[in-house]
Each structure stands twice: as C-alpha cells, then as structure tokens.
Amino acid sequence: MKSLTKLGALVLPLVLITGCATHSHTLADISNIQAVKDHFARVEAHVGQVENTANVALTTARDASKKVDRMFHKAMSK
C-alpha cells in the first residue's frame, strides 16, 4: 500500500504538470476570447433592444384589444 501511495505522489504532479502544459493559451487564443466577449456584449445590447420592442408591441396590442372590446360593447348595446 505504501508503494502505491509513493507512486501516486510521483505520478500526480506529472499529470498536473502535463495537464497545465496542454492548456496554455497563446496570444491568438486570448484575442479570440476577447472577440467572443465583445460579441456577447453586442448580443446583450441587442437583447435589450428586442425586449424594449417586445414591451412596446405588447402595450400596443393590449391597447388595441381594449379599443376593440369597447367598440364591440358599444356596437352590442345599440
């Protein structure tokens, strides 16, 4: 059991070092990450615009529905 512990103590750092070495980022990777962040910022801005447009459309639809209801009730009362 002690030999397995010693082997694990030797192998674990090697695995960690190898794993970290394979995940190094180049300058190109970093600029790609920045490009993705910029893209998501633009997407968030568009989402905000879409939400505003949807809210205006919903308000307009509700107002039109109320107007149609009033016209219907007025026509039915004649």
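Values below: every heavy atom of this structure, side chains too, minus hydrogens, waters and symmetry copies. Bear in mind that the values here come from a model prediction, so they are computed numbers and not experimental data.
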Participant: Calculate, to the nearest 0.5 Å, the distance between atoms CZ and CZ belonging to Phe40 and Arg42 respectively.
Facilitator: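 The CZ atom of Arg42 is 11.0 Å from CZ of Phe40, to the nearest 0.5 Å.
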Participant: Between side-chain atoms of residues 53-69 and protein atoms elsewhere (two or more places apart, or another chain), which donor-acceptor pairs fall under 3.5 Å?
Facilitator:
unit_1	atom_1	unit_2	atom_2	d
Thr53	OG1	Gln49	O	3.0
Asn55	ND2	Glu51	O	3.3
Thr59	OG1	Asn55	O	2.9
Thr60	OG1	Val56	O	2.8

Participant: In chain order, what residues pass the side chain to side chain donor-acceptor pair (under 3.5 Å) check against Gln34, with sequence neighbours excluded?
Facilitator: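 So Gln34 forms a side chain to side chain donor-acceptor pair (under 3.5 Å) with Asp38.
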